[in-house]
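Lettering of chains follows the sequences in order, A, B, ..., and the numbering in each one begins at 1. These figures come from a predicted structure and were not determined experimentally.
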Amino acid sequence: MRSKSEFKQYVFEKSREKIAVRKKRRNIIISSAAAFAVIMGAFAAFNASDLKTPAQSDTAGTTNTQMPDNAVSQYAYNNIMGENEDVESPETEAGNNIEKYKFENDGSASKPEEQLFSDEFENSYDKYELPDYITISSGCIVLAIIDSPEKIAEICSVTKNLIENNTSDGTSAETEISIHFQYNDSDKKNTSAVISGNKLYIDEKFQCYVTDDYLNLIDKCCQNTQTQNTSIVVCQ
Amino acid sequence: MEKGEAAYRRYISGDSDAFGEVLDIYRDNLIFFINRFVKCEDIAEELAADCFTELIIHPKRYNFSVSLKTYLFTIAHHKAVNYIRRSIKIRFIPLENASVKSTEYLDFEEKLFKEENKRLLNESLFKLKDDYRTVLHLIYFEEMSYKDAAKVMKKSVKQIDNLVQRAKLSLKNILQKEGFEYAE
């Protein structure tokens, strides 16, 4: 066991190391976010085109399209195929998973977070009323592609609710999640910007805590009605 | 304002030496508290260090609305519980006698267990359920209010009250089995 002076030195050294690791991780996250944004941009472009897949076809009752095998892919799948598609799941193991995580888009829908995280989270997400095009999972994933100012407003509203409901506690959180807004300005189609340094901390019960940077970012995004094709990437 | 809070405020304002005061005030109590869960002083010390690094890395997270002690113990509770969850998956085998307690910590324990009865009480606490042990420690060893203990354990004051009653009853049974003469 360390003496008090050694302990003090150790705490400072540990802090320095952690800060260095965080900086390094942040750089990796930004790179990953940029890569995801490019991929999801391609998905969005594909979606915007009139190209019909068998599942979107009016005559298609069933589909042979291979279904993705997790909820994140389900989101991407829905995004491409159209969220309200009544797609019959194939009788595969992957298809069964999709059924489990599938969420309806009728307003009263069961929320994907509850299914993803089971009872452990005590349905604590209910009160936030997340829009159903948002999915949350660990790892680096795209939460949502924002393709209209209305959706931006909705995201802003949701995150603001999270902030208002959860900043009073003042306690620390175990899981740290960075949210990066990446957007393509409609006037500058080939440019994008990652706004980093914004932090949303979510603990194991999904109580959320945010920093001032994040609040500022939300304000900035809310003001920017020109922002389109914004993707929100969550990295754990 | 507690001495610890005042010292931490000075540290945030730029007085780096003030953090040493924060460590002096809370270190031993925090290690002692975490050790209730992890039952290994080295790991408890490591987790306590993690709690203090939180104060350095994320100074904005603490908004002075609760006492620094409550805040630190909340983090400690969180980290200890997480550690136990993880260690269920990865079993650690403690190296017997690998660690030597620092003289300061020995002094702290010596001061705490001046009487044999208190030592027996401390040992019996380890036989209690986690929640019972935690609540009794916070209320009787750290002398926290029910309100602060409720914050640390993320429970309501009423739940803390109930827990204390049940924990005391459970402790009484254990002590009687150990041959402790219980004074009514």
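Less than 6.0 angstrom separates the ring centroid of Tyr62(B) from the ring centroid of Phe64(B).
Pairs passing the salt bridge (Lys or Arg N to Asp or Glu O under 4.0 Å) check and including a residue from residues 131-141 of chain B, sequence neighbours excluded, read Asp130(B)-Arg133(B), Asp131(B)-Lys155(B). Counting only residues at least two apart or on different chains, the salt bridge (Lys or Arg N to Asp or Glu O under 4.0 Å) pairs with a member in residues 135-149 of chain B are Lys69(B)-Glu142(B).
Among Asp28(B), Val22(B), Ile57(B), the residue with the largest count of heavy-atom pairs under 4.5 Å with chain A is Ile57(B).
For Ala44(B), no part lies under 4.5 angstrom from a heavy atom of chain A. Only the side chain of Ile31(B) comes within contact range of chain A, with at least one heavy atom under 4.5 Å from a heavy atom of that chain.
Side-chain atoms of Glu46(B) and Tyr10(A) form a donor-acceptor pair, as typed in the model, at a separation below 3.5 Å.
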